[in-house]
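The structure follows.
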Amino acid sequence: MLHPHLLPNRREAGCDEAGRGCLAGPVFAAAVVLPEHFHHPLLNDSKQLSATQRDELRRVIESEAVAWAVDSVSAETIDRINILQASILAMHQAVEALSVRPEWLLIDGNRFRPVLGLGHTCVVGGDARYASIAAASVLAKTHRDAYMEALHDLFPQYKWKKNKGYPTQAHREAIQAFGLCPHHRITFRHTPK
């Protein structure tokens, strides 16, 4: 059962990222402010949902949220500043893009830097505990998946429609066969373990 808020009567934005462990593509992040009593029976950590369920939830969240925003940081920037800093930067960009300013941030994970002078609480496994973080998880994942599926059409040899840039055996083998493309993160380990 997801908690609606850390503290009631406070406008909280949940934040989460997607694509941190990928070998290719940007890291995406979302920030979501949900209505006070928002509930959807499917809402959960996006990794526990099917692609169809995530797509259905994306439509609901984007139409019913008080505010939502999604942003990304490129593979090139990830290589320059590292994946942790890039994930935090993507979350900052998403928070800054919200049309409604939250009073507090709920962050999935254990590391964050303040943004816009807002207080925040880091919650390990927060996407399975708080509705706003779960909603952010769904938006970050669905927006990133759509981005990687579009990139697949330009680089079909890497099978990104299927693996979304994650380090599957097939993706690693395609890198061995075809080399890296401009969307690969060059500081990540690409060879099979």
Side-chain angles (χ1 to χ4, degrees), residues 2-7 10-35 38 43 45-47 54 57-58 61-148 150-151 164-166 182-188:
L2 294 171
H3 301 289
H5 302 282
L6 179 66
L7 289 175
R10 181 169 65 180
R11 187 186 297 132
E12 295 172 340
C15 300
D16 200 5
E17 52 70 32
R20 214 170 140 166
C22 294
L23 301 179
V27 62
F28 273 64
V32 179
V33 179
L34 291 175
F38 180 88
L43 187 59
D45 168 12
S46 67
K47 294 181 289 297
R54 285 193 297 267
L57 276 168
R58 174 181 170 174
I61 293 162
E62 290 180 356
S63 67
E64 295 186 23
V66 173
W68 64 271
V70 177
D71 214 319
S72 64
V73 171
S74 70
E76 181 184 10
T77 302
I78 291 168
D79 287 329
R80 196 173 72 247
I81 66 175
N82 81 42
I83 188 60
L84 172 62
Q85 299 309 317
S87 298
I88 292 172
L89 176 59
M91 284 194 267
H92 281 195
Q93 291 171 178
V95 169
E96 290 167 349
L98 287 170
S99 60
V100 172
R101 188 179 171 114
E103 298 168 284
W104 198 262
L105 303 176
L106 292 177
I107 308 298
D108 185 56
N110 63 357
R111 304 279 292 281
F112 192 69
R113 284 190 320 277
V115 61
L116 298 177
L118 296 169
H120 68 274
T121 301
C122 290
V123 185
V124 175
D127 46 5
R129 294 178 59 193
Y130 290 98
S132 62
I133 300 178
S137 165
V138 167
L139 293 194
K141 174 84 173 127
T142 54
H143 280 259
R144 188 180 189 282
D145 284 357
Y147 181 92
M148 293 307 294
L151 271 189
K164 310 298 190 283
Y166 282 92
H183 297 282
H184 279 102
R185 303 172 185 178
I186 58 174
T187 55
F188 280 50

Roughly how far, to the nearest 0.5 Å, is CG of L89 from CD1 of I81?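 Answer for the CD1-CG pair, I81 versus L89, is 5.0 Å.
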Using 0.5 Å steps for rounding, measure from the CD1 atom of I133 to the NE2 atom of H3. 10.5 Å
Nearest 0.5 Å, what's the CD-CG distance between E62 and L57? 11.0 Å
CZ of R54 to OG of S137, rounded to nearest 0.5 Å, is 8.5 Å
Determine whether W104 and L7 make a side-chain contact, defined as any pair of heavy atoms from C-beta on separated by less than 4.5 Å. no
Answer yes or no: is there a donor N or O on one side and an acceptor on the other, between the side chain of R185 and the main chain of C22, under 3.5 Å?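 Yes, R185 side chain to C22 backbone: donor-acceptor pair under 3.5 Å.
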Check whether any side-chain heavy atom of R101 lies under 4.5 Å from a side-chain heavy atom of L118, and answer yes or no.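 With C-beta onward as the side chain, the pair touches.
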Find out whether I83 and F188 are in side-chain contact, i.e. whether some heavy atom of one side chain is under 4.5 Å from a heavy atom of the other. yes
Return the minimal non-hydrogen interatomic distance between V27 and A18, and the atom names on each side.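 Closest heavy-atom pair between V27 and A18: CG2-O, 3.5 Å.
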State which residue, out of V115, V70, D71, fulfils the side chain to side chain contact (heavy atoms under 4.5 Å, CB included) condition with Q93.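 Single pass found, and it is D71.
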Residue pair H5 / R10: nearest heavy atoms and the distance that separates them: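 Looks like ND1-O, 4.1 Å.
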4.5 Å side-chain heavy-atom contact, V123 and L6: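 SC-SC contact between V123 and L6 ruled out.
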Students often mix this up, so state it plainly: with edges at 30° and 60°, are the rings of H120 and F112 parallel, tilted or perpendicular? perpendicular
Ignoring hydrogens and angles, tell me if any N or O in the side chain of H92 forms a donor-acceptor pair with the backbone of R113 under 3.5 Å. yes
Measure the NE2-OH distance between H183 and Y147 for me, rounded to the nearest 0.5 Å.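 So the gap between those two atoms works out to 5.5 Å.
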Determine yes or no for a side-chain-to-main-chain donor-acceptor pair under 3.5 angstrom, with R144 supplying the side chain and P26 the backbone. yes
Any sub-3.5 Å donor-acceptor pair from D79's side-chain atoms to T187's backbone N or O? yes
Would you say CD of E76 has more than 12 non-hydrogen atoms from neighbouring residues, nucleotides or ligands within 6.0 angstrom?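 No, the 6.0 Å shell around CD holds no more than 12 heavy atoms from other groups.
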Minimum heavy-atom separation for A65 and P35, please, with both atom names.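 Shortest heavy-atom separation between A65 and P35 comes out as CA-CD, 4.1 Å.
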Lys/Arg-Asp/Glu bridge criterion (N-O < 4.0 Å) met for D16, K141: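 No, D16 and K141 are not salt-bridged.
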Between S132 and A13, which heavy-atom pair has the shortest distance, and what is it? OG-C, 4.2 Å
So do I88 and I107 actually touch side chain to side chain, heavy atoms under 4.5 Å?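 I107 does not reach I88 side chain to side chain.
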For the pair E12 (side chain) and P102 (backbone), establish whether a donor and an acceptor sit closer than 3.5 Å, ignoring hydrogens and angles. no
Spell out, as yes or no, whether a donor-acceptor pair under 3.5 Å connects the side chain of D108 to the backbone of D127.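 Present.
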Step through the shown structure and confirm whether more than 12 heavy atoms of other residues, nucleotides or ligands are within 6.0 Å of CG on L116.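 Check passes, neighbour count above 12.
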Just verifying a value: how many Å separate R111 CZ and M91 CE, rounded to the nearest 0.5 Å? 11.0 Å
If you take all heavy atoms of A69 and A97, which pair is closest and at what distance? CB-CB, 3.7 Å
All heavy atoms of A86 vs all of V73, minimum pair found to be O-CG2, 3.6 Å
